[in-house]
Trainee: 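My structure is below; once you've seen it, I'll send some questions.
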Amino acid sequence: MSQSNTSRPSLAQLATRSVLWTGFSQYFFFALGLVKTIFLYRLIGAEYAGLVAGAAVWASYFNFCRFELRIAVFNSNEEKHILNAQFWLENFTTIIGVIMASVSLWLAPNLAPAATWMLIFILLGLSVFEALTSTARYIVEKRLRQDVIGRLTLFTSVIGFLIPVGLAISGAPLAALTMEIVLPSLVVGAGAVLFTRWTPSLSFDRAELWRQFNVGWTLWTSSLFGKITFQFDDWLVFNLNRPNPISWLESGVRAEGFYSRAYNAGKMPMDVVAGMIGSVALSLYAESAARGRETLIAAYKQLTWLLAWIICISSTIAFVAADEVIVILFGESWLPMSPLFRLMFFFIVGRPLFQNNAQLLTAIGAEKDFRRSMIVQALFIIIACPSAVYLWGAAGASIVVSVMTVIGVIATEWYVVKHLQASTWQVYITPTLTSIALGVGLLLVTPLITSNIWLAASFKGIVCAIVFGMVLLIFERTNLVSAVQIVRQGLKH
């Protein structure tokens, strides 16, 4: 990730500081979130989690017209006409969702219960706020100023703990879960506006609006297929009438709440562990591409290597210690979500890698190839998921989501190799094989491990850390030393 233009800030320095700030703030957010989870989900039943998840799915479909034009800002020099075009296009397309929901409520009020409609409009209102603050957020991200977002995240962590837990204790479970969703966007959006002081104007550059519309159309069609690939399974689990639907694993509760929680937990390694990399990848790739092809290849290879190892280590620990972690965090009543979580293993591992490839393709202007990958995934889940959910319920959806993710990683990796003319397949082999071997081995010896959940979880985590550490030192010493040198370079000055 080095570059020769000494007049510019070191790319390694910008990237490293951004990653470290993101990691620190997200780990603090995650740690406090664990404490919040221990309290919150002992006060809130699975049925409420399912209700909020269902409303989120409906809100996302009503909001499907929204253009997210982050890349227009990232590939600019912050020219006013470019920023202005992005702001008005993104806000106009967001308002369409509110109009569609209002018309649907008027024409078909029985489409959802009253409580669900209330949550839908709250979430759509949050989307409008996100659009209003989008340009400011994109400017902060483009400048790789994750230190600003990090400070806002730290503040969000504190109030995001106090407010939802307080609402749950006071007997308002839906309000607690809603505030848990909306607070991060409210704080980060408002903070970005105050930091950049950017404001829109009513002047329009028609050529720029049309250019961004074309880019937005391609990204929008990709996101439309993304709605299918990442939310069609939820909709089926919530709405498909199965023959003789029964409670999940004799828990007394149907699978919706467990599936929603397992799916969200499955995204945790990406959102928390790999999120510090994913949050800077698009802006880093855009900046690397501006500095030359060799710089872009070096940045992609190093970042992908680091991401692959981080996600395989964290996902393996989550997989083998799922039972213990669920009991510790959520309580024994949530233990039926463990099989669903494990069936999503390839989704857990693959989605961050898929997102990484998607960000590179978007940064280099190959968003149409990214869209082709999304089409392949969407076709697979449309064909496979209905019958899987009909026959096996939430378990069938979990398996289909895992297979779909593997297909997406293979497709996007093929396009990345095509554009960079450099293969990175070998980066995935060692961490993946280590992850599979450890996962199978520890599951086989689980009956022999102590029944104390704290000791069992600690033992599994320590074994995973030791084995992965040894494999890194033996087989990946060169890449490990290179990563350490880049971090040192980034921390200079």
Trainee: For R293 and L420, indicate whether the former's side chain and the latter's backbone hold a donor-acceptor pair under 3.5 Å.
Mentor: yes
Trainee: May I ask you to test the T229-F354 pair for a side-chain heavy-atom distance under 4.5 Å?
Mentor: no
Trainee: Enter the distance from R372:CZ to L361:CG here, rounded to the nearest 0.5 Å.
Mentor: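 One finds 10.5 Å between CZ of R372 and CG of L361.
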Trainee: Does atom NZ of K368 have more than 12 heavy-atom neighbours, drawn from other residues, nucleotides or ligands, at distances under 6.0 Å?
Mentor: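 No.
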Trainee: If we count only N and O atoms by modelled type, under 3.5 Å, do the side chains of N356 and T304 hold a donor and an acceptor together?
Mentor: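 Indeed, the side chains of N356 and T304 share at least one donor-acceptor pair under 3.5 Å.
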Trainee: Looking only at atom types and distance, does a side-chain atom of N84 sit under 3.5 Å from a main-chain N or O of P200, one as donor and one as acceptor?
Mentor: no
Trainee: When you measure from the side chain of E90 to the backbone N and O of L69, does any donor-acceptor pair fall under 3.5 Å?
Mentor: yes
Trainee: Are any of the side-chain heavy atoms of P386 and L236 separated by less than 4.5 Å?
Mentor: yes
Trainee: Roughly how far apart are L174 CG and L119 CG, rounded to 0.5 Å?
Mentor: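 These two atoms lie 5.5 Å from each other.
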Trainee: Mind listing the closest non-hydrogen atom pair of P184 and T156 along with its distance?
Mentor: CA-CG2, 3.6 Å
Trainee: I would like to know whether F129 and L186 meet side-chain contact (heavy atoms from CB on, under 4.5 Å); could you show each step before the answer?
Mentor: CA-CA 8 Å; F129 179 82; L186 291 178; 3.8 Å; yes
Trainee: Quick one: OG on S283 to CZ on R143, what's the gap to the nearest 0.5 Å?
Mentor: 13.0 Å
Trainee: How long is the span from the OG atom in S76 to the CD1 atom in I82, to the nearest 0.5 Å?
Mentor: 5.0 Å
Trainee: Just wondering, do I139 and L83 contact through their side chains at under 4.5 Å, heavy atoms?
Mentor: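 Yes. Closest side-chain heavy atoms under 4.5 Å.
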Trainee: Without hydrogens or angle criteria, can the side chains of Q86 and S134 be said to hold a donor-acceptor pair below 3.5 Å?
Mentor: yes
Trainee: Evaluate side-chain contact (heavy atoms from CB on, under 4.5 Å) for R70 paired with L282, printing each intermediate quantity in order.
Mentor: CA-CA 9 Å; R70 177 182 275 103; L282 182 59; 3.6 Å; yes
Trainee: Are the side chain of W220 and the backbone of F64 linked by a donor-acceptor contact shorter than 3.5 Å?
Mentor: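 Such a contact is found between W220 side chain and F64 backbone.
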Trainee: So R137 and V188, do their side chains get closer than 4.5 Å, heavy atoms only?
Mentor: yes
Trainee: Distance-only, no hydrogens or angles: does the D205 side chain make a donor-acceptor pair with backbone N or O of A207 under 3.5 Å?
Mentor: yes
Trainee: Minimum heavy-atom separation for L183 to P164, with atom names?
Mentor: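 Looks like CD1-CD, 4.4 Å.
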Trainee: When you compare the side chain of F346 with that of V403, does any pair of heavy atoms fall below 4.5 Å?
Mentor: no
Trainee: Among Y300, W414, Y415, exactly one meets side-chain hydrogen bond (donor to acceptor under 3.5 Å, both in side chains) together with N357. Which residue is that?
Mentor: Y300
Trainee: How about I348 and F341: do any of their side-chain heavy atoms sit closer than 4.5 Å?
Mentor: yes
Trainee: With heavy-atom distances below 4.5 Å as the criterion, would you say the side chains of V427 and K301 are in contact?
Mentor: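 No, too far: nothing below the 4.5 Å cut-off.
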Trainee: For F213 and W210: C-alpha separation, side-chain torsions, deciding distance, then whether ring-ring contact (aromatic ring centres under 6.0 Å, His included) applies.
Mentor: CA-CA 5 Å; F213 178 83; W210 181 246; 5.6 Å; yes
Trainee: Using modelled atom types and a 3.5 Å cut-off, is there a donor and acceptor pairing between side-chain atoms of T221 and backbone atoms of T218?
Mentor: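 Yes.
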Trainee: Taking atom types as modelled and ignoring hydrogens, do the side chains of T316 and S435 form a donor-acceptor contact shorter than 3.5 angstrom?
Mentor: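 Note: T316 and S435 side chains meet the donor-acceptor criterion.
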Trainee: Parallel, tilted or perpendicular, judged at 30° and 60°: which one describes the rings of Y138 and F74?
Mentor: perpendicular
Trainee: Let me see the working for S201 and K80 under side-chain contact (heavy atoms from CB on, under 4.5 Å), right down to the final yes or no.
Mentor: CA-CA 9 Å; S201 67; K80 190 171 182 61; 4.0 Å; yes
Trainee: Using a 6.0 Å cut-off, check whether atom CZ of F121 has over 12 heavy atoms from anything other than its own residue.
Mentor: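 Result for CZ/F121: enclosed.
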Trainee: For the residue pair L152 and A192, what are the closest heavy atoms and their distance?
Mentor: CD1-N, 4.0 Å
Trainee: Main chain of Q212, side chain of W217: is a donor-acceptor contact present, judged purely on distance under 3.5 Å?
Mentor: no
Trainee: Apply side-chain contact (heavy atoms from CB on, under 4.5 Å) to L209 and L89, showing your working.
Mentor: CA-CA 8 Å; L209 280 170; L89 271 178; 3.9 Å; yes
Trainee: Hey, what do you get for CZ (F468) to CH2 (W309), rounding to the nearest 0.5 Å?
Mentor: 6.5 Å
Trainee: Looking at F319, I'd like to know if the NZ or CZ of R342 sits under 6.0 Å from its six-membered ring centre while staying within 45 degrees of the ring's axis.
Mentor: yes
Trainee: Closest approach of A136 and T196, non-hydrogen atoms and distance?
Mentor: CB-OG1, 3.4 Å
Trainee: Out of curiosity, S315 OG to L438 CG, how far, rounded to the nearest 0.5 Å?
Mentor: 12.5 Å
Trainee: Is any side-chain heavy atom of T362 closer than 4.5 Å to one of L219?
Mentor: yes
Trainee: Ring centroid separation for F87 and W198, is it under 6.0 angstrom?
Mentor: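 Yes, the ring centres sit under 6.0 Å apart.
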Trainee: Measure across C65 and I96 and return the closest heavy-atom pair with its distance rounded to 0.1 Å.
Mentor: SG-CG2, 3.8 Å
Trainee: So does T178 get a backbone contact from the side chain of E180, meaning a donor-acceptor N/O pair under 3.5 Å?
Mentor: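 Here the side-chain-to-backbone pair does not exist.
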Trainee: What residues, two or more places apart in sequence or in another chain, satisfy salt bridge (charged side-chain N to carboxylate O under 4.0 Å, His left out) together with E130?
Mentor: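 For E130 the salt bridge (charged side-chain N to carboxylate O under 4.0 Å, His left out) partners, ignoring immediate neighbours, are R66.
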Trainee: Look only at the side chain of T295 and the backbone of S288, and say whether a donor-acceptor pair between them is shorter than 3.5 Å.
Mentor: no
Trainee: Minimum heavy-atom separation for G350 to T405, with atom names?
Mentor: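 Looking at all heavy atoms of both residues, the closest pair is C-CG2, 3.5 Å.
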Trainee: Could you go through residues 373-380 and list every donor-acceptor pair under 3.5 Å that involves a side-chain atom there, pairing it with any protein atom two or more places apart or in another chain?
Mentor:
residue: S373; atom: OG; partner: D369; partner atom: O; Å: 3.3
residue: Q377; atom: NE2; partner: M404; partner atom: O; Å: 3.0

